[in-house]
4 protein chains.
Amino acid sequence: MIKQNKRDKIIEAALQIFLKEGYERATMQGIASAAGVGKGTTYEYFPSKEALFNDVVREGFDYLITELAVALEQEGTIQEKVERMYLRHLTIFQTETQFRDLMLNDMGKIPEETQLWLIAQQSEFVLKLKGILEDGIKIGELRPIHTRVAANTITHGLKMIYYYQGEEHESIEELVKEQVAMLFNGMNQI
Amino acid sequence: MIKQNKRDKIIEAALQIFLKEGYERATMQGIASAAGVGKGTTYEYFPSKEALFNDVVREGFDYLITELAVALEQEGTIQEKVERMYLRHLTIFQTETQFRDLMLNDMGKIPEETQLWLIAQQSEFVLKLKGILEDGIKIGELRPIHTRVAANTITHGLKMIYYYQGEEHESIEELVKEQVAMLFNGMNQI
Amino acid sequence: MIKQNKRDKIIEAALQIFLKEGYERATMQGIASAAGVGKGTTYEYFPSKEALFNDVVREGFDYLITELAVALEQEGTIQEKVERMYLRHLTIFQTETQFRDLMLNDMGKIPEETQLWLIAQQSEFVLKLKGILEDGIKIGELRPIHTRVAANTITHGLKMIYYYQGEEHESIEELVKEQVAMLFNGMNQI
Amino acid sequence: MIKQNKRDKIIEAALQIFLKEGYERATMQGIASAAGVGKGTTYEYFPSKEALFNDVVREGFDYLITELAVALEQEGTIQEKVERMYLRHLTIFQTETQFRDLMLNDMGKIPEETQLWLIAQQSEFVLKLKGILEDGIKIGELRPIHTRVAANTITHGLKMIYYYQGEEHESIEELVKEQVAMLFNGMNQI
DNA sequence: AATGAATGAGAGTTCATTCAT
DNA sequence: AATGAATGAACTCTCATTCAT
């Protein structure tokens, strides 16, 4: 097993607990126990519960954004890129349906500065996607759509998978592909 | 003004407070004060904070689902119906961006039974929409799409508006219309 | 027994505990227990430990100053007035030698405002005493002494009794009288 | 500069911190940092916070008593000796008004044994002063006063300077001299 | 000998809930 | 039925002390 330092162990345990319990329900004692350290130890690494949450969010979001950006940058048509991104997103959160509680919730407890950082990160990501869509229009791969709305729809559409219940005879992967196909091909008869 | 009974006053006040503060941050004292009743009185009508939250969620969700269903049932093309539903949804939550905190968050605190009820309500709604889409395919208004995925995408796509930042020269209403148009017409060149 | 309201019971218990333990050592649990109420109840009456301490100090000091002023205002020579004041002071603190901890110590924990109030109260008292001394000089009862220093010496000299150890065959009352006599008659041969 | 050993550096730092913060507020980490050593190092020299405080008090008191005794032993009338002692006392504490917090406060935290030692030291000092006063009476320099009370009054009167506020056109030195003069000459008209 | 990472007992404070009025 | 005073469990955070290095 890879040797992890205490800080990483606490971050990881905190992520799990925040996910399972939400910010308020989570207790420092619980996080410490899950990390296999004493309660006081958490305060050696993070000055407060809020600061710990802040770092958890930052590291988690950083990881997520990076992964998605990589998926976008690989070869293929734009629809393929987006599909790849959706599937990567799915893989990351398949085991953690509660991840929405970290990403959508509890955001009032992080410092203004981090809130702004999150928005900035997300905006940057949306802009990158917008650029890709504009290129797609230029080379005639896409119709002349409203790229800002499209980039936002695609980005926030990622979160839809949080709500897919396990259903009968189709895998979630297939549903995701169908969803992306719909975004690109539309529903109207032509 | 219609005389409201105490129970309704408490439910209404609780909704506002839960929206503003989230479940954990909300206090029974705050809810009671906002409702203009004594703290003990809340316990005459609801046996616990959780039970109150449960009822608030049920009533709120009920109202929402009903409103959206009405929007769907009115005349027009399917795209028009969906657009109407999106705009109705927008109207309801325009003033309460924190509504996502009630709908997406804090759901761990309601009893299993209500969780299942919520899912059932939502499934029922998705089914109704699915039926509408199937009719649309039958009469040739829509392409032969995967109706379950489409119904889910449309339903969960409603939540995207929570994340629209106030942007420059376009109103949110226009962005919503663009978003619906994209769902129906697709992004790919044809 | 006189029926005391809860606030008074808490103030009284807090006084005892603060005297015995000092501000930092005193615990809200201990104060609550001593007052015969629940821990949370103290917070119904005082928003914090500091606020409770503040009120204890104000009420205690108020009582003390009033009692001493009364002793000064009764009939007699100036030496008799001062002696009476010293003895009254002695009576009040005879059972509470730790009172110095409340009056001299722990003053960093009370709000600036109360600190200023205490100084103002004390200054006012010293001024009153200074006036009495000046009258004494005018009517030839006292030598033309430095009245400000004298008033301060007498006032702060009150605190000396905190340090009298129980000694052999003389009572503290007698020692106090001797001390006052010395202040008025001096030590030098004439 | 004389090389100080670690123990002395810790004692000195601890004195400063105890003076500034009081016993409870002072932290071992703060003391260690001020002394320029590691936190664990303090425990190499002193087994506990209480033990450290104990040693600080003993050494500080020792120094004080010695200084005052020296002032008393130099040449002059008794009034001059006492005045010299008061001024020496003033010099020592002029910069540290918080010294009263060490001397008057926090004494509950030192072991019984040291408490008794302090009382004994003080008693011894009072006795020495009492002897001086008795000699003064014998040679007719002083009136036949109650020497024990006088010695106590003089000794405890030292603490009065803690309470002198900075005042207008007189220096504290002048006030101290006035105070001593009053003790020796009395206030009553003769 | 010197260190500081690790710890957990214990502090102040909040608040859902109870219950006498 | 309506109330709010009373309560204590449970929380975050501090810091004296230990101990492996």
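In what follows, chains carry the letters A, B, and so on, assigned in the order in which the sequence lines appear, proteins first and then strands, with residues in each chain numbered from 1.
- For the pair B/Glu24 CD and F/dT12 C1', the interatomic distance rounds to 15 Å; values are reported in whole Å.
- Backbone-only engagement by B/Thr27 is indicated by non-hydrogen atom pairs under 4.0 Å involving sugar-phosphate atoms exclusively.
- Across the interface with DNA chain F, nearest-nucleotide mapping of C/Val37 and B/Gly40 shows B/Gly40 to be the residue nearer the 5′ end.
- Ranked by how close their nearest DNA chain E nucleotide is to the 5' end, A/Lys6 and B/Glu44 are led by A/Lys6.
- In this structure, CD of B/Glu21 is placed 15 Å from P of E/dT14, rounded to the nearest angstrom.
- Of all heavy-atom pairs between D/Thr41 and D/Ile10, the closest is O-CD1, 4.4 Å.
- As a whole-Å value, the separation of A/Tyr43 OH from F/dC11 P is 12 Å.
- Along DNA chain F, the nucleotide closest to C/Thr41 and the one closest to A/Lys49 are compared, and the more 5′ of them pairs with C/Thr41.
- Ion pair D/Glu59/D/Arg7 flagged as a salt bridge, since at least one NZ, NE, NH1 or NH2 atom sits closer than 4.0 Å to an Asp/Glu carboxylate oxygen.
- No hydrogens or angles were tested; on distance alone, a donor-acceptor pair under 3.5 Å links the side chain of C/Lys39 to the base of E/dT13.
- Following rounding to the nearest Å, B/Asn5 (CG) and F/dA1 (C1') show an atom-to-atom distance of 13 Å.
- At distances below 3.5 Å, not a single donor-acceptor pair connects side-chain atoms of D/Thr114 with backbone N or O atoms of D/Trp117.
- Backbone-only contact: A/Ala26 has heavy atoms under 4.0 Å from sugar-phosphate atoms and none from a base.
- In this structure, F/dT21 and E/dA2 make a Watson-Crick or G-U wobble pair, each of the two defining distances being under 3.5 angstrom.
- The CE-C1' distance, from B/Met28 to F/dG4, rounds to 14 Å in whole Å.
- Backbone-only engagement by C/Tyr45 is indicated by non-hydrogen atom pairs under 4.0 Å involving sugar-phosphate atoms exclusively.
- Shown here for C/Lys49 and C/Tyr23, the closest heavy-atom pair between the two residues is NZ-O, 2.8 Å.
- Protein atom CG of A/Leu52 is 13 Å distant from nucleotide atom C1' of F/dC13, rounded to whole Å.
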